[in-house]
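Counting starts at 1 for both ligands and their atoms, in listed order.
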Amino acid sequence: MIRTKTVAFTKSSTNIFFHILTKCNLKCRHCYINPGQHGENTLPLPVITAWLETFARDSNSKNLIFLGGEPTLHPDLPAAVEYARNLGFDSITIDTNGYLFHDILSKVTPNAVDYFSFSLDGATRQTNDRIRGAGSFDTCMAGIRRANLKGFATSLIYTVSSVNIHEVDMLPTFLKDTGIDRFFMQIIGLRGRSAKGSQTWVQDQKLQVAKSQWLDIIPRVARRIAESGITVTYPKVFLDLADNFECAGLVADNYFVFPNGRVYRCPLCEDYALHSLIFKNNQLVPAQKINENDLFQLKIAEGCVMNKLIQPDNLSYDSAGKPEYKIACCLLKEEIII
Ligand code: SF4
Ligand code: SF4
């Protein structure tokens, strides 16, 4: 039986999104990495291990996701994975664009890495490579096959925008034989490169997806994908005015860690010096005010405060100026499982 559930926010489970470098071999047009805000350095292994120890002290169950940039460009990623496993993190994921540098698949084991999570932004080579760069489609698909052959569980992330939403209907057939266990759809956010002037538009087309388009396509296709046994997750995005709104910054326990030491609790704040925590001398300490914590407290009829500040185009109002719906926290997800 297929079940859809909203993944409730909880403070009893901690998610650490650890960007160990921002360097990448690709230049995806919607990349959210912003080296001016996140640093251009590659964290040395002793710093990575010290920061991991900070999070390991937490008594919650802990999920760790290694990211970049492209994290497999870091030569010490296998050592970082082993260190994290020994510290007792409950799950470890490596996010990758599929290039799998430094022969990473031979240097870690399925016992140490719970998932390799790949990124693809089109069901065809043409669409994906237009967004992520020439050759990236074939390399990603080959990477998934290689990871599966080595016994790793794999997942795939698809960032939905106006440039690739026309291929979402092709995904159930396309994904059936890829061997992935989990499929994540994201919605394009105006962050990093996609927030920069001309990049928010592609040939007169706004990158953002309309509410009607999202609701018509995404839940329906997600169910079809789940029918082939793949667990599917996608963001809720739109809430009715009567729905309960919660800000993950207040009711969940997420850390988005960057190589310049900034630690955010909200991904939509990452283009700004709004981080609430910072690593100083390898100690995690509160950052100066005003920061994201102050924004989390604000209650507005439109739901997410940061959404209203940075991407108000996805809101609409009636003739009396009242919002027609709310925007959910970007971290609120629907999950479909068999
Ligand atoms: S989205 Fe990922 S793969 Fe693409 S440029 Fe950014 S870090 Fe690299
Ligand atoms: S996306 Fe909005 S609701 Fe979610 S943590 Fe950030 S400010 Fe809060």
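- Formation of a donor-acceptor pair under 3.5 Å by the His38 side chain with backbone atoms of Gly261 is not found in this model.
- Ile94 and Ile157 fall into different hydrophobic clusters, where Ile, Leu, Val, Met, Phe, Trp and Tyr side chains are chained together by heavy-atom contacts under 4.5 Å.
- Of the listed residues (Phe17, Phe55, Tyr264), just one forms a ring pair (Phe, Tyr, Trp, His ring centres under 6.0 Å) with Tyr255, and that residue is Phe55.
- Lys322 NZ: 12 or fewer foreign heavy atoms inside a 6.0 Å radius.
- Residues Ile230 and Ile144 fall within the same hydrophobic cluster, defined by Ile, Leu, Val, Met, Phe, Trp and Tyr side chains chained together at heavy-atom separations under 4.5 Å.
- Contacts of His30 with ligand 1, taken as heavy-atom pairs under 4.0 Å, are absent altogether.
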message = With salt bridge (Lys or Arg N to Asp or Glu O under 4.0 Å) as the criterion, how do Lys326 and Glu302 come out once you've worked through the C-alpha distance, each side chain's angles and the decisive distance to 0.1 Å?
response = CA-CA 5 Å; Lys326 295 186 238 187; Glu302 292 91 338; over 6 Å; no
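- Figure legend: Arg265 and Phe296 shown without cation-pi pairing, the cationic atom not lying both under 6.0 angstrom from the six-membered ring centre and within 45 degrees of its axis.
- With a 4.0 Å cut-off on non-hydrogen atoms, Phe245 touches ligand 2 through its side chain and not its backbone.
- Residue contact check: Arg132 has heavy atoms under 4.0 Å from atoms 3 (S), 4 (Fe) of ligand 1.
- Note on Asp114 versus Arg85: salt bridge recorded, some NZ/NE/NH1/NH2 to OD/OE distance being below 4.0 Å.
- Each protein N/O/S atom under 2.8 Å from atom 6 (Fe) of ligand 2 was counted, for a total of 1.
- The aromatic rings of Tyr99 and Phe101 lie parallel to each other, with less than 30° between the two planes, well short of the 60° mark.
- Near-neighbour remark for atom 8 (Fe) of ligand 1: protein N, O or S atoms under 2.8 Å are Cys24 SG; waters not counted.
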task = Decide yes or no on side-chain contact (heavy atoms from CB on, under 4.5 Å) for Asp121 and Thr127, but give the supporting numbers first.
result = CA-CA 7 Å; Asp121 293 328; Thr127 295; over 6 Å; no
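- A single hydrophobic cluster is not seen to contain both Phe152 and Phe184; linkage of ILVMFWY side chains at heavy-atom distances under 4.5 Å, directly or through other members, places them apart.
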